[in-house]
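For reference, the structure discussed in these notes is given below.
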Amino acid sequence: MREAAAKLGVTSHIVRRMIQDGILPVAQVVPGAPWQIRAEDLENDDVINALRQKGRPRHIVSRDQLSMFPDT
């Protein structure tokens, strides 16, 4: 899982979430064993689209935007 997260540039938590959501296919040899993730599945269109949609929100600072916590 750590290798998959590193290859995708995300945390292990995000990889776990994609597994739980059924986006990233995985296999277990026996119950309780580590998940096996195929390298080809990391390049799957569903995985790539999920990373684009569920990525961190983009924050654009506007010059007209007032600060929520102005310095006092």
Problem set entry | Inter- and intrachain pairs under side chain to side chain donor-acceptor pair (under 3.5 Å), touching residues 24-38, at least two apart |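 Pairs touching residues 24-38 that pass the test: Arg38-Asp41.
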Exercise. Less than 4.5 Å apart, any side-chain heavy atom of Leu51 and any of Met18?
Worked result: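 A side-chain contact exists here, since the closest heavy-atom pair is under 4.5 Å.
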Exercise. Tell me, do Ile14 and Leu8 make a side-chain contact under 4.5 Å, heavy atoms counted?
Worked result: no
Exercise. What's in the same ILVMFWY side-chain cluster as Ile48, cut-off under 4.5 Å, chained through other members?
Worked result: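 Result for Ile48 is none, singleton.
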Exercise. Can you name the nearest heavy-atom pair linking Arg2 to Ser12, along with the distance?
Worked result: CG-OG, 3.9 Å
Seminar exercise, completed: Between Leu42 and Ala4 the two heavy atoms that sit nearest each other are CD2-CB, 3.9 Å
Exercise. Which value, rounded to the nearest 0.5 Å, describes the distance between Met1 atom CE and Thr11 atom OG1?
Worked result: 10.5 Å
Exercise. Would you find a donor on one side and an acceptor on the other, under 3.5 Å apart, between the side chain of Asn44 and the backbone of Asp46?
Worked result: yes
